[in-house]
Amino acid sequence: MTVSAANVTRRDFLTLTAAGGLLANARRSQAEPVTGAESVTPSWVDANVYLSRWPFRRMRYDTPDALASMLRSKGITQAWTGSLDGVFHKDIGAVNRRLSEACAQQDDGLLVPFGSINPLLPQWRDELRLCAERYRMPGIRLHPSYHGYDLKEPRLAELLQRAAELNLIVQLCAWLEDARTQHPQMRVPDVDLAPLGDLAASTSGLRLVLLNGVKNAAGVAQAKLLQLPNVYCDIAQLETSEGVSKLLATTTAEHLLFGSYSPMFYFDSARLKLTESVLTPQQDQAIRFGTARSLLPA
Amino acid sequence: MKIWDMHCHLPSPQLTGESLMEQAEQLLEIAGRVGISKLCLFLEVGKPLGPFSDDEIVRVLERYYDRLYGFVWCDLQQTAESVDLLQKWVGDGPMVGLKLGGFSGVCSRREYAPVFEKAIDLKAVIYQHTWLKVSGNLPNESTPQDVVDLAKRYPDYPFICGHSGGDWEVGIRAVTAAPNVSIGIGGFYPTSGIVESGVRQLGAERVLYGSDAPGRSFSSQLGKVLGADLPDEHKQMILYDNFDRLMQPISRKKGWIAP
């Protein structure tokens, strides 16, 4: 990947040239194999990152410092960070407080907390308000299948509307693990996304990001969703050769975000997808940071 | 690093090329973007390949002899036919290996021995698909334990346990019991730790990179190796050296390298 300086802001440019990244990129041949550490890019947002532990496996980078260090080494400048505790714990208030504190400990603002909300638990409306007003989070993350509701749940519609009114981005995680390899006593279905189009279309002010919701770029349901002006998705789960290019046949780069699903997935698996597909500099920058920036509150 | 991908499929609805040659060229071009220089194609020649003829398969493999390998995809349940296909495509043709898929029969069953003995006689590289699905395997789908049972009957011959069993934490442990079994790490999501686990339990020499493209992304699977917490020396073994080593006997038999 080479960086087009024409679309780089002055601040980005200074950051980049200070690190030697732009010159390094300019010298790099496109034919060079992509097997080493990627050179520095001006700004790069990872919209799909988790803190804390997966209950069924210890993972490298499952501590805040280790995760942050890895992301910085890859060139990530901002990571939208949820908590795996928010998937499994019932004390969501404590989960969100710890997430906020852990992210704040990274002095450079790398980790941006996205709190968990479970609309089936008591006081979820208060917790939603805390995410927005006390913790100043830009968004929240939902895990419907792990929290035991489908997208027809009436409280979800209310949650989306309230989140929009609080100017919170809503990340809806459709999947965490291949259903074929789940623990035999902890089998959780993928989220049925069919009702989501109507929900998204009818919720004024909603900005909805689908995480781990697009496995195959040819999926008709996802393509329809991504044609809505307020629905976006990341690329962590995306498979097939040239997956990003294929996805761009159904939507625009302004609806796509870079997401690695670290540390559950190897970061490099998502990173290389931007090289496997032929992208224009504008598309590449939109996916790396442009779409994310457009979603963040001013 | 030098990278060969030992697990690809043609033809595929994921590719837009109208001919097999066009699809092969498209796949090579995409692979090249992420530094992969050679592909191993699993070719289901035993079944109708749509508009593609046997002659076209030969033309593709001969045209790109330096960038493509072909494995003949057989069905163990069609035992005699599979033996004939191996002779046709590996013994007398341009292919170098045997691919067995999820519908191809449970490999540990002794009545399928003629297929494996033919492959061994031809020095074909043997790739066996495996999965361990919590939802239940297909009726004719092999598990890593099946590969171990098979491999113990031929302890001097190497076998590749495809997909690492899918549920790799179980699959890798299963194949530790057979030193002549390697794992293929392609064809499932890039869950952190799979490659490190394979190296820790089996040794880097028994872990092979392959993607399962174009159904899977080259990148998602390559990232498993490049992102692993391993020295470059081990990564190079997984990306190239190990498969190259498995290719030596058949390459010598075909006269492609010196005896």
Side-chain angles (χ1 to χ4, degrees), chain A residues 1 30-38 54 56-62 70 74 175-187 212 215-218 235-246 249 260-278, chain B residues 1-3 8-9 12-16 26-27 29-37 131-137 163 165-171 187-197 211-229 232 235-236 239:
Chain A
M1 166 60 206
Q30 282 197 319
E32 185 180 339
V34 186
T35 55
E38 195 73 338
W54 182 243
F56 308 105
R57 181 186 310 127
R58 283 303 303 268
M59 295 175 294
R60 193 180 176 207
Y61 309 126
D62 66 5
M70 182 275 288
K74 301 294 184 182
W175 176 99
L176 288 174
E177 186 185 18
D178 191 326
R180 296 172 298 178
T181 61
Q182 292 174 342
H183 189 285
Q185 302 305 321
M186 180 72 191
R187 295 175 64 182
N212 296 345
K215 300 175 192 171
N216 186 327
I235 63 168
Q237 196 197 19
L238 184 61
E239 287 286 351
T240 81
S241 60
E242 293 188 302
V244 177
S245 288
K246 288 172 181 162
S260 70
Y261 192 30
S262 293
M264 285 286 284
F265 281 4
Y266 289 101
F267 177 90
D268 289 303
S269 292
R271 173 181 68 86
L272 289 165
K273 289 175 188 172
L274 300 182
T275 305
E276 181 173 340
S277 287
V278 175
Chain B
M1 287 191 190
K2 190 167 184 176
I3 307 172
C8 296
H9 294 268
S12 171
Q14 297 293 338
L15 301 168
T16 55
Q26 190 179 3
L27 201 62
E29 201 269 331
I30 298 166
R33 293 177 201 151
V34 289
I36 299 167
S37 57
W131 259 91
L132 288 160
K133 297 169 183 163
V134 69
S135 49
N137 273 20
H163 306 286
D167 191 348
W168 51 267
E169 286 159 300
V170 181
F188 56 94
Y189 287 103
T191 40
S192 298
I194 165 23
V195 175
E196 292 94 327
S197 177
S211 63
D212 205 0
R216 292 277 172 179
S217 155
F218 286 113
S219 300
S220 71
Q221 309 300 306
L222 188 56
K224 294 175 181 174
V225 185
L226 297 180
D229 183 20
D232 284 351
K235 292 180 182 178
Q236 185 62 89
L239 294 171

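So you know, we letter chains A, B, ... as the sequences are listed, proteins then strands, and number each from 1. Just so you know, these numbers use all the heavy atoms, side chains as well, and skip hydrogens, waters and symmetry mates.
- Remark: the backbone N or O of A/M264 is paired with a side-chain donor or acceptor of B/S192 at under 3.5 angstrom.
- Between B/S220 and A/S269, the shortest heavy-atom contact is O-OG, 2.6 Å.
- Proximity to chain A (any heavy atom under 4.5 Å) is shown, for B/V225, by neither the backbone nor the side chain.
- Looking only at side-chain heavy atoms (C-beta outward), B/T191 and A/Y266 stay at 4.5 Å or farther from each other.
- The minimum heavy-atom distance between A/F56 and B/E169, with the atom names listed, is O-OE2, 4.1 Å.
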> Could you go step by step and tell me if B/K133 and A/Q182 meet the side chain to side chain contact (heavy atoms under 4.5 Å, CB included) rule?
Replying inline: CA-CA 9 Å; B/K133 297 169 183 163; A/Q182 292 174 342; over 6 Å; no
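- Of all heavy-atom pairs between B/S217 and A/E239, the closest is N-OE1, 2.8 Å.
- In this structure a side-chain-to-backbone donor-acceptor pair under 3.5 Å is missing from A/T181 to B/D167.
- Looking at A/S262, there are no atoms closer than 4.5 Å to chain B (heavy atoms on both sides), in backbone or side chain.
- Highest contact tally toward chain A, considering only B/P214, B/G165, B/P13, B/P190, is held by B/P190 [criterion: heavy-atom pairs under 4.5 Å].
- With rounding to the nearest 0.5 angstrom, the CD1 atom of B/I30 is 9.0 Å from the OG1 atom of A/T240.
- Here A/R57 is the residue among A/R57, A/Q237, A/H183 with the most heavy-atom pairs under 4.5 Å with chain B.
- With a threshold of 4.5 angstrom between heavy atoms, A/E177 does not approach chain B through any atom at all.
- Looking only at side-chain heavy atoms (C-beta outward), B/L132 and A/R180 stay at 4.5 Å or farther from each other.
- Heavy atoms closer than 4.5 Å to chain A are found nowhere in B/A31, neither backbone nor side chain.
- A/A179 touches chain B through its backbone: at least one of N, CA, C or O sits under 4.5 Å from a heavy atom, while the side chain does not.
- With chain A as partner, the option from B/A228, B/S135, B/G223, B/S219 having the largest number of non-hydrogen pairs under 4.5 angstrom is B/S219.
- Ranked by heavy-atom pairs under 4.5 Å with chain B, the first of A/E242, A/M59, A/R58 is A/E242.
- A/E276 meets the salt bridge (Lys or Arg N to Asp or Glu O under 4.0 Å) test with no other residue; sequence neighbours excluded.
- The shortest distance between side-chain heavy atoms of B/F218 and A/T275 does not fall below 4.5 Å.
- Annotation: salt bridge (Lys or Arg N to Asp or Glu O under 4.0 Å) contacts of A/R187 (sequence neighbours excluded): none.
- A/N216 contributes atom CG, which lies 10.0 Å from atom CZ of B/R216 (distance to the nearest 0.5 angstrom).
- Taken to the nearest 0.5 Å, the OG atom of A/S241 stands 12.0 Å off from the NE2 atom of B/H9.
- Interface remark: B/E196 contributes backbone and side-chain atoms alike to the contact with chain A (heavy atom separation under 4.5 Å).
- Looking at A/K246, its side chain does come within 3.5 Å of a backbone N or O of B/Q14 through a donor-acceptor pair.
- Both the backbone and the side chain of A/F265 come within contact range of chain B, with heavy atoms under 4.5 Å apart.
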